[in-house]
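Structure record follows, encoded as structure tokens.
Just so you know, these numbers use all the heavy atoms, side chains as well, and skip hydrogens, waters and symmetry mates.
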Amino acid sequence: MFFKTKENDVPRNIPGHIAIIMDGNGRWAKKRGLPRSFGHSAGAKKFKEIARYCNKIGVKYLTVYAFSTENWKRPKEEIDGIMNLLRDYLKDSTNFKGENIKLRFIGDRAPLPEDVRILMENSERESDDATGMTACLALNYGGRDEITKAVQKIISEGINEQDITEELISSKLYTVDYPDPDLIIRPSGEYRLSNFLTWQSAYSEFYFDKVLWPDFTTKDLDRAIDEFNRRNRRFGGV
């Protein structure tokens, strides 16, 4: 996909699938003397902004790390705040309505509150007919947990050892319907994946930025895409 930038009107290659680790909400709030919940709220608003921009420039898939399997270790008050924020987001009738964006979720839904699971299902169903970008939220998601569950499925189906292939394993993952990410972005100054898309990231390009997620702008995203365009992706070849 090519999109002409406003700055120089030069076509550039837009990654088909961008994944983002939305990191730095708590630190953003702390810097301002605010409760961590304010940071999560600002981060949710930023997701909407960046998702709309990705849809505008031609990104086909956007996957964001919203809540990990490890995040349950956080204080109960913070977890409750995140769940309430998720409820508010899913109930918001303005979320991507009329923007042709399909909303999807990956992760283990079972431990999530029942009303949240119902809201997630409703949001997916309401956006079923969208043909534009797919916005995918990783909720209660962990890369190792995902692979573990995929192996468990294979064993339960009695599949022979010689029939186990990379393609088979991929077909048992939450992301079976999505291509692997071309570009993974992590703001906030951390330089790790933190159990995000462990299997799918084998040949992804990584981009790390020191800006905290609530301060991440469309210009920051443009810089990440420009850097992506300077990379030479050989996938093991010459």
Mind running side-chain contact (heavy atoms from CB on, under 4.5 Å) on M22 and R186 for me, showing each step along the way? CA-CA 7 Å; M22 301 188 297; R186 180 165 191 166; over 6 Å; no

In sequence, state the C-alpha distance, the side-chain angles, and the governing distance for T131 and N100, and then conclude on side-chain contact (heavy atoms from CB on, under 4.5 Å). CA-CA 6 Å; T131 59; N100 202 28; 3.0 Å; yes

Please lay out, stage by stage, how E114 and R87 fare under the test salt bridge (Lys or Arg N to Asp or Glu O under 4.0 Å). CA-CA 11 Å; E114 182 181 6; R87 289 183 178 94; over 6 Å; no

side-chain contact (heavy atoms from CB on, under 4.5 Å), that's the test. Do E146 and T198 meet it? Break it down for me. CA-CA 9 Å; E146 178 183 33; T198 308; over 6 Å; no

Between R109 and V116, is a side-chain contact (heavy atoms from CB on, under 4.5 Å) present by the stated rule, with each step listed? CA-CA 9 Å; R109 303 188 187 196; V116 170; over 6 Å; no

For side chain to side chain donor-acceptor pair (under 3.5 Å), just list the numbers for S188 and W213, CA-CA rounded to whole Å, side-chain angles, deciding distance to a tenth of an Å, and then say yes or no. CA-CA 6 Å; S188 84; W213 172 245; over 6 Å; no

For salt bridge (Lys or Arg N to Asp or Glu O under 4.0 Å), just list the numbers for R231 and E227, CA-CA rounded to whole Å, side-chain angles, deciding distance to a tenth of an Å, and then say yes or no. CA-CA 7 Å; R231 306 279 178 89; E227 173 61 27; 2.9 Å; yes

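With respect to R223 and D220, a salt bridge is recorded, a charged nitrogen being found less than 4.0 Å from a carboxylate O.
There is no path of hydrophobic side-chain contacts, each under 4.5 Å, that joins L85 to L212. Note on I184 and I18: separate hydrophobic clusters, where clusters join Ile, Leu, Val, Met, Phe, Trp and Tyr whose side-chain heavy atoms are under 4.5 Å apart, directly or indirectly.
Sorted by first and then second residue, the salt bridge (Lys or Arg N to Asp or Glu O under 4.0 Å) pairs with a member in residues 125-137 read K97-E126, R104-D128; sequence neighbours excluded. Identified under the ring-ring contact (aromatic ring centres under 6.0 Å, His included) test for residues 146-179, with sequence neighbours left out: Y61-Y178. Among pairs with a residue in residues 206-218, those fulfilling salt bridge (Lys or Arg N to Asp or Glu O under 4.0 Å) read R32-D215, at least two apart in sequence or across chains. The stretch residues 167-181 participates, sequence neighbours left out, in these salt bridge (Lys or Arg N to Asp or Glu O under 4.0 Å) pairs: E157-K172.
Note that the CG atom of D108 and the NZ atom of K149 stand 4.5 Å from one another [nearest 0.5 Å]. Atom-to-atom distance recorded for K56:NZ and E99:CD is 12.0 Å, nearest 0.5 angstrom. Remark: N122 CG to D115 CG distance equals 11.0 Å, nearest 0.5 Å. Atoms OG1 and CG, from T217 and D222 in turn, are 8.0 Å apart once rounded to the nearest 0.5 Å. Rounded to the nearest 0.5 Å, atoms CZ (F196) and OH (Y65) are 7.5 Å apart. Note that CD of E121 and CG of L90 are 11.0 Å apart. Values are rounded to the nearest 0.5 Å.
A side-chain donor from one of E70 and N195 sits under 3.5 Å from a side-chain acceptor of the other. With 3.5 Å as the limit, one finds no donor-acceptor pair spanning the side chains of R52 and N55. Side-chain contact of T69 with R144: a donor-acceptor pair under 3.5 Å is absent, judged by distance alone.
Within a 6.0 Å sphere centred on CD of E161, heavy atoms belonging to other residues, nucleotides or ligands number 12 at most. A 6.0 Å sphere centred on CD of E77 holds no more than 12 heavy atoms belonging to other residues, nucleotides or ligands.
Using a distance-only test at 3.5 Å, with no hydrogens or angles considered, no donor-acceptor pair links the side chain of S41 to the main chain of F38. At distances below 3.5 Å, not a single donor-acceptor pair connects side-chain atoms of D145 with backbone N or O atoms of G142. Not a single donor-acceptor pair under 3.5 Å links the side chain of S127 to the backbone N or O of A130. With hydrogens and angles disregarded, a donor-acceptor distance shorter than 3.5 Å links the side chain of K46 to the backbone of F216.
Closest approach of S204 to P181, counting heavy atoms only: OG-O, 2.7 Å. Here the closest heavy-atom approach between residue I159 and residue D163 is recorded as CG2-CB, 3.9 Å. Taking each heavy atom of A42 and P214 in turn, the nearest pair found is CB-CB, 3.9 Å. Shortest non-hydrogen contact noted between N13 and I225 is O-CG2, 3.8 Å. In terms of heavy-atom proximity, P187 sits nearest to I20 at CD-CG2, 4.4 Å. For R192 against F208, the heavy-atom pair with the smallest separation is N-CE2, 3.8 Å.
Residues D80 and K76 have side chains in contact (heavy-atom distance under 4.5 Å, counting atoms from C-beta outward). Taking the side chain as every heavy atom from C-beta outward, L197 and T175 approach each other to under 4.5 Å.
T148 meets the side chain to side chain contact (heavy atoms under 4.5 Å, CB included) test with Q152; sequence neighbours excluded. Residues satisfying the side chain to side chain contact (heavy atoms under 4.5 Å, CB included) test with E78, not counting sequence neighbours, are R36, H40, R74, P75, I82.
F67 has its ring centre less than 6.0 Å from the ring centre of W72.
Using cut-offs of 30° and 60° for the angle between ring planes, the F96 and Y89 rings count as perpendicular.
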